[in-house]
There are 2 protein chains.
Amino acid sequence: MADDMTAHSFDDVVRIEEETSSSQTGRSKPVRIEEVARLADVSPITVSRALRNPDLVSEKTRKRILEVVQETGYWSNPHASALRSGRSSIVAVFVSNLLSQQYTRAAQACAQVIEANGLQMMVGQTSYSYSRELTAIQSLRALRPAAVFLTGVIELEENRRMLRDLNIPIVESWAHTRDPIDMLVAFSNVDAGRLAATHLANRGFKRPAFIGRGGGRGKLRLQGFTERLSQRDLPLTGSVVVDQVESIENGRSAYRKLQESGVSFDSVFCANDLLGIGAMIEAGAQGQRIPEDVGILGFGDRSDLAALSPRLSLVGVDTSQIGRQAGEMILSRLNGEEAPERLCVDLSLLQGVTT
Amino acid sequence: MADDMTAHSFDDVVRIEEETSSSQTGRSKPVRIEEVARLADVSPITVSRALRNPDLVSEKTRKRILEVVQETGYWSNPHASALRSGRSSIVAVFVSNLLSQQYTRAAQACAQVIEANGLQMMVGQTSYSYSRELTAIQSLRALRPAAVFLTGVIELEENRRMLRDLNIPIVESWAHTRDPIDMLVAFSNVDAGRLAATHLANRGFKRPAFIGRGGGRGKLRLQGFTERLSQRDLPLTGSVVVDQVESIENGRSAYRKLQESGVSFDSVFCANDLLGIGAMIEAGAQGQRIPEDVGILGFGDRSDLAALSPRLSLVGVDTSQIGRQAGEMILSRLNGEEAPERLCVDLSLLQGVTT
DNA sequence: TTGTATGCGTTATCAG
DNA sequence: CTGATAACGCATACAA
């Protein structure tokens, strides 16, 4: 089969010419502030001010300067700026995993907020590893970032201190913690479990079960789930703890495992992204009617799961809201305004057809 | 339901103390090259050389310098370095969409390669928009990146020129094009279609159909599919063109649409990530046996789809290979070595149970 | 409101 | 192989 695949064809890439190119092209040397100053007939420092603190420059000169900036396409050299001021316009964002949309969605939302304000986002990956975390923080520290946003909470005291010593706005997120390094945007994983239990109880299910990870956030979700169930005088009928939660297949097998355990459940709270979809698919494949025979409730990022499997009911978090909030907190602080130290992001129930 | 959700609990975040902290902490002023030089009893420039061009410094002094660097935790200031040398250690990576694992997987792989060599990755998003592309490129240009990697091909001539004028290694990717700006890592979308057709033919299917996007790469995949089918004396039995390819639901509805079109097909090539899963689920839900009643063939990133739906057969690309190759090409060029101008990434067939 | 003098930390250049 | 000197482009501090 391979042999007839050797020659490859060229894909059609449309080549688009610009309409009226007003911008200078082919320029090898970037414009410097000095040239702008010369053309606007002011000193370099006035240009600098006109761009960073417009209020300090008279209406008239400012206008003239901005015109020249336009014409020349001047863009300040961020390295020179950072070197002199000791602070760059880079906001460092550390995601736990670049491959998980939960985190990239937050990063993206944060980027939108800060980029609108002339800051740039730099994404790094901590890979759930303390040592990677350390290296990432070290090299980013050298860049003198203006602020840091993390999709997680830093646990290692040494890494916490290193970040704190930067003396810049730091936003941790994703989970509550008693003493964040600086600011925090979180949702409660325990509440997620409670909300799931409340919902299943309200929908009239009597024998709820649980599928999820045994540690970390999964554990917390189970804790809230169990607690609220007992408040509603319902038993936790069964539970399956899984390690692998990366694929739909994991959800299917966990569901089968729950069945094999012999308990008689009428509903399941699947406390992790893909587990819910897997359980739904497996139940459907077995010919069970949903939600008449069994109710399935998932958990995860609202937008992700709604796109992936729009019929699934789920306890949802809006992770892009986390990123947006983080961005806004950072901006406030950089502008010298007050910013909340701790923000709580709402969980919500997204009603599909499975409960 | 909401009212009993107001109080939130603190999640258990383990706080970990470092064991034996040999590193200096609480240091507010970073060490400068001057101090290292003083302690090693050489001039600053020798320290600089010892770190960047060890060969130019004698074994003995180099050893002494590196010791001091270790002790002091010296890390060069990238801004000062970039300012003076006109080149930073940042590699700019532009992904079309941060939310698509296809691209982030490539970015991640590229990061692994370059970070091992002391470079840092900065991720930007072009969002499939020419103007976003322009802004992103402009602000990144200011950072004087060492190289650029794009998960796509730049079409707008003005943007192409801007990148070319940077005079640094540029890697485009994802599709073939006649004249890349500099280097290219691509796979052939037409070949993907050919490979799909060959596979279905070899497996004995007689009436293949197609589901995919009507434009861009989808079109190219259909082109190759049709061409190869006719070479094997098979008809294209039916085809459904969709715009939305973001969810499994889109795949399910496309499959129904194909059925409603009245044609009698025995297999489908779904030329986009989630369409294949959707078709597989829908066929299964209707009680059709796979692959006896109908064969389903997907297309996409190997690792993504294997994780999401391991049973689906698919024409796969290893997008992390694209990123890795790009990273290596960049490194070669930065080290003054020769690097290939164009690299072709293999497509492969991942055998699941659906064909 | 604007300008002058100076230095941020590094590396290119050239000399030894 | 090593060092002295200057310069990268901007923003702080202070003066006018």
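Note on naming: letters A, B, ... go to the chains in the order of the sequence lines (proteins, then strands), and numbering restarts at 1 for each one. These numbers come from the heavy atoms of this one structure, side chains and all, not from hydrogens, waters or symmetry mates.
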Between [atom2] of [N] and [atom1] of [X], the distance in whole Å:
X         : N       : atom1 : atom2 : result
Glu34(A)  : dT4(C)  : CD    : C1'   : 14 Å
Leu83(A)  : dT10(C) : CG    : P     : 9 Å
Arg38(B)  : dG3(D)  : CZ    : C1'   : 18 Å
Arg144(B) : dG9(D)  : CZ    : C1'   : 9 Å
His79(A)  : dG7(C)  : NE2   : C1'   : 19 Å
Arg64(A)  : dT1(C)  : CZ    : P     : 15 Å
Arg49(A)  : dT12(D) : CZ    : P     : 10 Å
Ile65(A)  : dC10(D) : CD1   : C1'   : 15 Å

Kindly say if [X] contacts the phosphate of [N], meaning a side-chain N or O under 4.0 Å from OP1 or OP2.
X        : N       : result
Tyr74(B) : dT10(C) : yes
Ser76(A) : dC10(D) : no
Ser48(B) : dT11(C) : yes
Thr46(A) : dT1(C)  : no
Ser81(A) : dC10(D) : no
Ser58(B) : dT2(D)  : yes

Name the nucleic acid region contacted by Arg52(B), choosing base, sugar-phosphate or nothing; use a 4.0 angstrom heavy-atom cut-off, strictly under. sugar-phosphate
Residue mapping more 5' on DNA chain D - nearest nucleotide basis, Ala80(B) or Asp55(B):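 Counting from the 5' end, the first nearest nucleotide belongs to Asp55(B).
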On DNA chain D, does the nearest nucleotide to Arg62(B) precede the nearest nucleotide to Ser85(B) from the 5' side, or the other way round? Give the residue. Arg62(B)
Are any side-chain N or O atoms of Ser100(A) and backbone N or O atoms of Asn97(A), one a donor and one an acceptor, separated by less than 3.5 Å? no
Would you confirm whether Glu172(A), through its side chain, and Thr151(A), through its main-chain N or O, come within 3.5 Å as a donor-acceptor pair?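 The answer is no, because no donor-acceptor pair under 3.5 Å joins these two groups.
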Given the structure, check if the side chain of Arg84(B) and the base of dG9(D) hold any donor-acceptor pair shorter than 3.5 Å. no
Residue Ile45(B), side-chain heavy atoms: nucleotide from dA11(D), dG3(C), dG3(D) that is nearest: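 Closest nucleotide to the Ile45(B) side chain: dG3(D).
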From the set dG9(D), dT2(D), dA11(D), return the single nucleotide nearest to any side-chain atom of Arg32(A).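 Minimum distance to the Arg32(A) side chain belongs to dG9(D).
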For Glu338(A), is the CD atom crowded, meaning more than 12 foreign heavy atoms sit under 6.0 Å from it?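 Check fails, neighbour count at 12 or below.
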Taking all heavy atoms of Pro78(A) and all of Ala142(B), pick out the closest pair and write down the distance. CD-O, 3.1 Å
Paired with Asp182(A), the salt bridge (charged side-chain N to carboxylate O under 4.0 Å, His left out) test is passed by just one of Arg160(A), Arg164(A), Arg342(A), Arg333(A), namely Arg333(A)
